[in-house]
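Step one of this worksheet: look at the structure below.
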Amino acid sequence: LAIDWSREVATCHPKYYKHQQKMFLDLYKNDLVYRKESMVNWDPIDNTVLANEQVVDGKGWRTGAPVERRKLNQWFFRITKYADKLLDGIKTLERWPEKVRLMQENWIGKSQGAQLKFDLTTPLHCHSERSEESRDSSASPQNDSEKIQIEVYTTRPDTLFGASFVGLAFDHPLAKELAGNKEGYDAFIKECQATGTSEAAIEQAEKIGFDTGHRVAHPFIEGKELPVYLANFILMDYGTGAIFGCPAHDERDFEFATKYTLPILPVVDMPAEEKLPYTGPGKIVNSEFLNGKNVDEAKAAAIAELEKQQRGTGVTKYRLRDWGAVRQRYWGCPVPFIHCDTCGIVPVPADQLPVELPHDINYDAPGNPLDRHPTWKHTTCPQCKGKATRETDTMDTFVDSSWYYLRYLDARNENEAFSKKATDYWGAVDQYIGGVEHAVLHLLYSRFWTRALRDCGYPVPADEPFTGLFTQGMVNHATFQTEDGKYVFPTDVEQNEKGDWVTKDGAKPVKIGPQIKMSKSKKNVIDPQDIIDTYGADAARLFILSDSPPDRDIEWTTAGIEGAWRYINKLHRMMMEASSELKDVGAMPSSFSEAAIKLRRETHKAIDGVGRGIEAFHMNKAVAILRELSNAISSFKPNDAGDTWALREAVEAFVQMINPMMPHLAEELWEQLGHKTPLTQTQWPKADPALLENDTVTLAVQVNGKMRTTITLPASADQKAAEAEALAQDTVKAALEGKAVKKIIVVPGRIVNVVAA
RNA sequence: GCGGGUGUGGUGAAAUUGGUAGACGCGCCAGACUCAAAAUCUGGUAUCGCAAGAUGUGUCGGUUCGAGUCCGACCACCCGCACCA
């Protein structure tokens, strides 16, 4: 392991973020950054935007006030432009865990469906009040007639005949107009706004709807009309922000229809044992021209008919949404834009970069300190030289982490973020390691950012930033909270005589929470420095490596650390005793005792196994194999020169292999063996294939699948010999009493199974 | 709610990917050494049973000569759900 400190990077330093501001401007030039309105959580008492994490049970974490969903004009990265490329790119990521590739695929969420328009059959009352906003793309352009259309997206056009309502997001451009003056609308909107903005909060909220009283015509059934509802489970961000509901074949529509007593019309023939809602395959029924077709055929036929009517078309949609690029916080890279009353939004000229954060800020009031700063945001417009203000939003820190790997390649370069020379030399990241928590967001943002930079002309090394990925499991720990909800460090609490958790300082009662991933905000963190101080770095390292496989979640505990420490002491003792006789063993003898051959087999099997373990990140298995080898070494008593040679071979291989686990002691032991070259400069040992095979094999013997005994045979023994030997066993004879042997299954090297009845 | 994982002794885990479940540790028990303790060494340790044997990999069901491993349904916990990063 080598760390080149001259390449140290701090994303909060202007030397880093000045490049990021340049990138932001380049993305803007390439139409990969834009502004639009989006929903945020709003704390009405603090008058500030809240992160999803700061919304607890629908209330602001500091004020306890119910949060509101509000719209805010913000910057977005156009990641959706890359949806298909990011999806296709997953296929090339052969050294990524399957689960992460699956999660990314699902997150991008490509779906084939249909987009179609329903005609409103009921008149709108207040046409004159219709705002500009309500004429955007989701509502079709109005011509001279007063025909209003609602465009919906569906992945199940085959179930159109089962439609029983049309639903719109509560913030759909047409929503207000459709509601008109109808009673209950304001209350309904208020209730929708009271749900947080997180998808989990929206999906888990009780489904509520508002009947607008309007009707639309069914596109395929002459004279049939469907009611138009507003509903809180329809997302404006996905599809067209409007759906048609087919309760018989969709979970959410079913729940909604049940609540508002809407018809539930099955149109897919389903197995008798299934219940509604049924989402499986089957033949279409009750659907006129679609009857008898399977789901896929019916989808195609429905789309063809919609296209014929010029009412709709087949479309591909993605679940992926554009990336909200900014936050209303001090701590982040300032967005290099200026707001001018005359010129609008003006990029900061490149020669004025970086736009640096002020250092004299105060956190006394809630909200963004940049916005409240007395001078920082006031500037002049680069175009008209008039008075203007700086953008006070700062970039999401995910932006910082989307390209830091590129900066490492050329961190000493003052002039540019990274040069072609550097990226040509280093290439993409060979092996990336991080927690599964990053499976989607960070890893997708980096993949996007890399492509976006490439398309802005930056010399990125490859389309994919990380060729290999390993995801560690979460290191979990219980959380502790005082009665006023403040988190406290595990090291600051203890159990009193009654077994209750209290703070060490003042014995205030603390509530113990579940084992969750260690995080700064929840303070459930332990500093491993303590175990390094007490037991040394080698023991700490061995302990961590030998404990759990790194891809599994663990509950952090130091139970067992003493075992690692004792083991290290033991190795040191053993070596002090043995090193003198192992120093000069001479040339490899031509023959070995049986015991020496056994030890050599164990040594070479260990070399093979440890290598495999490390390659596969199974460090705990590698350690286990090494402990087996050291057990074999410590119980081996040499009787002749060949034995001593074999022992030296075993010890040497052991020391070389334990080097990554306990580098300090391993180096010491290596010197004890008389070596002058440092261990770190030696070659990893190689296993002799001839010593990986045994000359005998042990087979398990089963009768009807039940283990009875084992037999040991020469490796060369054939199937007949194995059968005969198995049948000769007393335990087998006993188990077969009164039964006739029907057949015998022999799996070479593994088992013999006698099937009898 | 949705997407992805995990579940094996008192405990961390292993099992060559359908073939001897529990390797290797931690802990515990017993013994040796010691006036004693610690350290160290030796042996034991899935459960029930004196034994023969039976049972056992979250639960229930299935496929198979054979299931921790495959299939179906469920339960619990963890990660993520786009403003924690």
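So you know, we letter chains A, B, ... as the sequences are listed, proteins then strands, and number each from 1.
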Look at all strands and tell whether [X] reaches a base, only sugar-phosphate, or nothing, counting heavy atoms closer than 4.0 Å.
X: A:Q74; result: base
X: A:K522; result: nothing
X: A:V440; result: nothing
X: A:L626; result: nothing
X: A:Q515; result: sugar-phosphate

Looking only at the side chain of [X] (C-beta and beyond, no hydrogens), which of the listed nucleotides [options] gets closest?
X: A:I516; options: B:C79, B:C81, B:G25; value: B:C79
X: A:D553; options: B:C78, B:G1, B:C83; value: B:C78
X: A:V49; options: B:A85, B:C83, B:A82; value: B:C83
X: A:M707; options: B:A21, B:G19, B:A23; value: B:A21
X: A:P549; options: B:C79, B:A85, B:A14; value: B:A14
X: A:N52; options: B:U20, B:C83, B:A85; value: B:C83
X: A:A200; options: B:G1, B:G4, B:G12; value: B:G1
X: A:V755; options: B:G19, B:C65, B:G5; value: B:C65
X: A:F398; options: B:A85, B:C81, B:A23; value: B:A85
X: A:R573; options: B:C41, B:G19, B:C83; value: B:C41

> Which heavy atom of A:T558 sits nearest a heavy atom of A:I531, and at what distance?
Replying inline: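 The pair with the smallest heavy-atom distance is CG2-CG2, 3.6 Å.
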Side-chain N or O of [X] versus OP1/OP2 of [N]: is the shortest distance under 4.0 Å?
X: A:R252; N: B:G1; answer: no
X: A:R329; N: B:C84; answer: no
X: A:N569; N: B:A39; answer: no
X: A:S521; N: B:C84; answer: no
X: A:R101; N: B:G4; answer: no
X: A:R319; N: B:A82; answer: no
X: A:N106; N: B:G4; answer: yes
X: A:R327; N: B:A82; answer: no
X: A:N620; N: B:C24; answer: no
X: A:N753; N: B:U64; answer: no
X: A:R566; N: B:C41; answer: no

>> Please name the nucleotide paired to B:C77 by Watson-Crick or G-U wobble geometry with both distances under 3.5 Å, or report none.
In response: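 Across all strands, the one nucleotide that pairs with B:C77 is B:G5.
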> If you pin A:A51 and A:K621 to their nearest nucleotides in RNA chain B, which one's is more 5'?
Replying inline: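 Between the two, 5'-proximity favours A:K621.
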>> Need to verify one output field. Residue with the more 5' nearest nucleotide on RNA chain B, A:K207 or A:V326?
In response: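 Result of the comparison: A:K207.
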> Side-chain donor or acceptor of A:Q472 under 3.5 Å from a matching atom on the base of B:C79?
Replying inline: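 For A:Q472, whose side chain was compared with the base of B:C79, there is no donor-acceptor pair (under 3.5 Å).
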[X] [atom1] - [N] [atom2] separation (whole Å):
X: A:L50; N: B:A85; atom1: CG; atom2: P; answer: 13 Å
X: A:I90; N: B:G4; atom1: CD1; atom2: P; answer: 13 Å
X: A:L444; N: B:C81; atom1: CG; atom2: C1'; answer: 13 Å
X: A:R69; N: B:A82; atom1: CZ; atom2: P; answer: 12 Å
X: A:H442; N: B:C79; atom1: NE2; atom2: P; answer: 19 Å
X: A:E203; N: B:A82; atom1: CD; atom2: C1'; answer: 13 Å
X: A:K706; N: B:A54; atom1: NZ; atom2: C1'; answer: 8 Å
X: A:K517; N: B:C78; atom1: NZ; atom2: P; answer: 13 Å

> In a check of side chain to side chain donor-acceptor pair (under 3.5 Å) between A:Q74 and each of A:R327, A:E37, A:Q328, which one passes?
Replying inline: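 It is A:Q328; the other options fail the test.
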Could [X] and [Y] be called an ion pair, given the rule that one side-chain N must be under 4.0 Å from one carboxylate O?
X: A:E53; Y: A:K522; result: yes
X: A:E206; Y: A:K259; result: yes
X: A:E391; Y: A:R35; result: yes

[atom1] spacing across the pair [N] / [M], given as an integer number of angstrom:
N: B:U57; M: B:G7; atom1: C1'; value: 9 Å
N: B:U69; M: B:A15; atom1: C1'; value: 10 Å
N: B:C70; M: B:U63; atom1: C1'; value: 8 Å
N: B:C24; M: B:C75; atom1: C1'; value: 32 Å
N: B:U34; M: B:C28; atom1: P; value: 24 Å
N: B:U17; M: B:G68; atom1: C1'; value: 12 Å
N: B:A46; M: B:G9; atom1: P; value: 13 Å
N: B:A52; M: B:U47; atom1: P; value: 16 Å

>> Given the ring of A:Y238, does A:R319 sit roughly above its face, with NZ or CZ under 6.0 Å from the centre of the six-membered ring and within 45° of the axis?
In response: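 No.
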> Hey, are the side chains of A:F77 and A:F24 touching, using non-hydrogen atoms and a 4.5 Å cut-off?
Replying inline: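 Yes; the side chains approach each other to less than 4.5 Å.
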> Does some side-chain heavy atom of A:H249 sit less than 4.5 Å from a side-chain heavy atom of A:P277?
Replying inline: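 Heavy-atom side-chain distance check fails, nothing below 4.5 Å.
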> In terms of side-chain heavy atoms, does A:S630 have a donor or acceptor partner in A:Y567 at a distance below 3.5 Å?
Replying inline: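 The answer is yes; a qualifying pair exists.
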> Are the side chain of A:Q104 and the backbone of A:A439 linked by a donor-acceptor contact shorter than 3.5 Å?
Replying inline: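 Checking the backbone N and O of A:A439 against the side chain of A:Q104, a donor-acceptor pair under 3.5 Å is found.
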> What's the base orientation of B:U69: syn (chi within 90° of 0) or anti?
Replying inline: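 That one's anti.
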> Would you call B:G9 syn or anti, using the 90° rule around 0?
Replying inline: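 Syn conformation for B:G9.
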